[in-house]
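Notes for the one structure printed next.
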2 protein chains.
Amino acid sequence: MLELRLVQGSILKKVLEAIKDLVNDANFDCSATGFSLQAMDSSHVALVALLLRSEGFEHYRCDRNLSMGMSLTNMAKMLKCAGNDDIVTIKADDGSDTITFMFESPTQDKIADFEMKLMDIDSEHLGIPEAEYEAIVRMPSSEFARICKDLGTIGDTVVISVTKEGVKFSTRGDIGTANIVCRQNTSIDKPEEATIIEMQEPVTLTFALRYMNSFAKATPLATQVTISLSSELPVVVEYKIAEMGYVRYYLAPKIEEDEEIEARVETTKPKAETKSKAEAKPKVETMESKPKVKKTMSELESKPQVDTEIEAESKPLVEIKPQEEETKPQTATNGEAEVMDVE
Amino acid sequence: MLELRLVQGSILKKVLEAIKDLVNDANFDCSATGFSLQAMDSSHVALVALLLRSEGFEHYRCDRNLSMGMSLTNMAKMLKCAGNDDIVTIKADDGSDTITFMFESPTQDKIADFEMKLMDIDSEHLGIPEAEYEAIVRMPSSEFARICKDLGTIGDTVVISVTKEGVKFSTRGDIGTANIVCRQNTSIDKPEEATIIEMQEPVTLTFALRYMNSFAKATPLATQVTISLSSELPVVVEYKIAEMGYVRYYLAPKIEEDEEIEARVETTKPKAETKSKAEAKPKVETMESKPKVKKTMSELESKPQVDTEIEAESKPLVEIKPQEEETKPQTATNGEAEVMDVE
DNA sequence: ATCGATACCC
DNA sequence: GGGTATCGAT
């Protein structure tokens with residue numbers, strides 16, 4: 001028996017808007033600790049981790065650990081039917097293959113319940129390491145979203161450089177180039193507008209704007225976003241959910257090549273294990289971009305699904321593997337099992 | 001070396017929104033006088049003239065006259081990346097084939113620079129005559145925009161009639177007819193809402209609503225619009241830009257035929273010199289409109305490009321020529337050189 | 001079908 | 001000025 005009552009139902013609505021573009025189907029894990037999810041995006045390039053701690057719910061009953069496979073698309077559809085001020089209750093009976101979402105209007109004059117079929121999703125629980133980051137940038141989430149959106153109109157990738165002066169976002173595209181520098185500012189009176197940089201080491205990394213813009217869908221969840229960067233590690237983009245937990249996105253950096261190296265790569269065929277695949281949806285653009293060897297965070301070491309372990313604070317390994325661009329699902333090019341069978 | 005600093009950067013954003021629909025590529029001319037542009041719309045029917053006087057800039061440095069060809073589409077894209085409160089600086093080095101737009105947030109915490117390639121646009125500088133107009137209507141720009149939009153849902157052309165009582169906008173379409181009369185009102189307390197008519201002679205002229213609605217994109221630039229009308233002259237629709245200059249649109253009137261004449265024209269093939277051409281982008285609309293003989297302001301006497309002459313106050317001739325609907329570029333039907341080579 | 005742009009409302 | 005909703009484009 002599962003019964004989770006969330007007074008601020010809009011949080012769940014926003015959470016689904018924040019992840020449904022990236023992940024179509026996923027298992028929600030429910031334990032005494034909280035309600036959580038962890039999934040690779042459908043192209044196996046990025047990873048989403050959600051945690052809603054039990055303390056954040058008005059009422060939280062979870063008799064035994066459950067892993068419930070859901071279509072996030074359909075779940076989002078149902079949650080859209082909840083008013084922003086509605087109280088949302090999630091219910092599931094033991095052994096049931098459905099889940100129920102209940103929406104109560106603030107006045108209690110309207111009570112709705114939506115039942116959704118669960119699905120069997122074969123995923124393994126991924127371990128995500130705690131890591132030390134060379135630079136952590138904290139900035140207004142809306143500003144980060146605006147920058148990613150703007151740069152996305154110019155180019156496909158963003159180079160993020162952190163120095164102690166500030167953080168620079170750069171891109172380059174057919175129509176020109178763009179650089180946006182945000183200086184550190186400890187806005188004391190308006191902490192929501194602060195930009196704070198904790199930096200051990202200057203870092204410069206490159207990422208696909210396409211994913212950054214997907215991550216930015218979480219903007220309504222938090223006024224601030226935290227971007228944690230280290231060379232050779234996936235970036236972590238985190239939106240804290242007040243009193244409850246977070247949505248975190250992980251994305252492996254692309255290997256940045258300067259022009260010369262790029263030229264060399266052209267003649268050197270990408271090796272098999274780099275899994276260079278054609279981009280699934282080549283944008284209609286000058287296809288001048290040479291094939292590049294990219295790094296991917298494709299396979300995370302899968303942790304045996306001991307249980308429906310909630311805490312993401314466990315510390316297994318993350319292997320950085322060569323990155324592929326968005327791939328057609330399951331055209332596995334090596335013998336390793338894919339992390340998820342569901343795309 | 002060019003460096004223009006505009007504190008109210010939103011003006012430039014609005015200017016581009018106001019002209020980019022009409023003109024795809026154009027030369028910006030920069031001289032000690034100011035920053036200006038003059039271009040025919042892509043179908044060579046309407047003309048846009050922009051002037052931003054140097055006095056309106058916080059800092060204005062223009063060592064020598066420059067004519068810089070830009071893709072207005074791309075320039076608009078970049079300016080969209082500026083915040084509405086940003087300070088915008090335009091920079092170009094001598095001999096450089098790029099231009100840089102710098103955006104500074106009001107707090108100076110965010111500084112962006114966007115570099116755009118210039119293009120070589122073969123345009124001649126058009127002379128625009130100062131003319132006496134039989135009637136000048138000054139009215140709220142939003143009201144004018146609303147009228148054009150509304151009439152555009154009913155018909156394709158608007159008949160503007162000015163009498164001393166007021167100005168009447170009329171149209172006729174498949175579903176019926178519409179007449180909107182605006183009476184003169186010298187709103188003293190709210191001058192922005194005034195409608196003022198200066199009239200020597202009653203005037204009635206007909207214009208394509210399609211263009212009027214493009215002109216109305218400039219509405220955010222000014223609370224009032226000025227419409228200057230004379231029989232046989234292109235209408236001038238002017239939006240003043242506070243402290244800086246203006247955006248002016250010129251459009252030749254159509255020859256208005258009543259039903260009987262129209263019927264006759266149907267049987268009478270339009271003469272060669274009327275240059276009736278197929279509409280380049282036939283909107284998905286009931287193509288019942290019979291071919292009509294229209295007047296065009298297609299060829300303005302081109303003034304030799306003495307220099308990057310800024311002032312539009314020079315007074316060459318405008319020849320009123322039979323109007324064509326939007327044409328495929330450069331299917332010239334007579335020996336005269338087209339005014340612009342770039343479409 | 002999805003995304004982006006635009007128009008309207010708060 | 002921001003958010004939402006609708007419409008058009010890809």
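Lettering follows sequence order; numbering is per chain, from 1. These numbers come from the heavy atoms of this one structure, side chains and all, not from hydrogens, waters or symmetry mates.
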Starting at atom [atom1] of [X], determine the distance to atom [atom2] of [N], rounded to an integer number of angstrom.
| X | N | atom1 | atom2 | result |
| --- | --- | --- | --- | --- |
| N84(A) | dG2(D) | CG | C1' | 15 Å |
| K13(A) | dG3(D) | NZ | P | 16 Å |
| N213(B) | dA7(C) | CG | C1' | 14 Å |
| N74(A) | dA1(C) | CG | P | 14 Å |
| K217(A) | dG3(D) | NZ | C1' | 16 Å |
| D85(B) | dG2(D) | CG | C1' | 13 Å |
| E17(A) | dA5(D) | CD | P | 12 Å |
| R210(A) | dT2(C) | CZ | P | 14 Å |

Answer whether the closest heavy-atom distance between the side chains of D109(B) and T195(A) falls below 4.5 Å.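 No, their side chains stay 4.5 Å or more apart.
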Do F114(A) and F103(A) make the cut of ring centroids closer than 6.0 angstrom?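 Yes: the rings meet the under 6.0 Å criterion.
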For Q8(B), all residues meeting side chain to side chain donor-acceptor pair (under 3.5 Å), sequence neighbours excluded: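 Not a single residue meets the side chain to side chain donor-acceptor pair (under 3.5 Å) criterion with Q8(B).
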Within less than 4.0 Å of OP1 or OP2 of dC8(C), is there a side-chain N or O belonging to K149(B)?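 Yes, within the criterion.
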Less than 3.5 Å apart, which donor and acceptor atoms pair up between the side chains of residues 71-84 of chain A and the rest of the protein, not counting sequence neighbours?
residue: S71(A); atom: OG; partner: N74(A); partner atom: N; Å: 3.0
residue: S71(A); atom: OG; partner: N74(A); partner atom: ND2; Å: 3.3

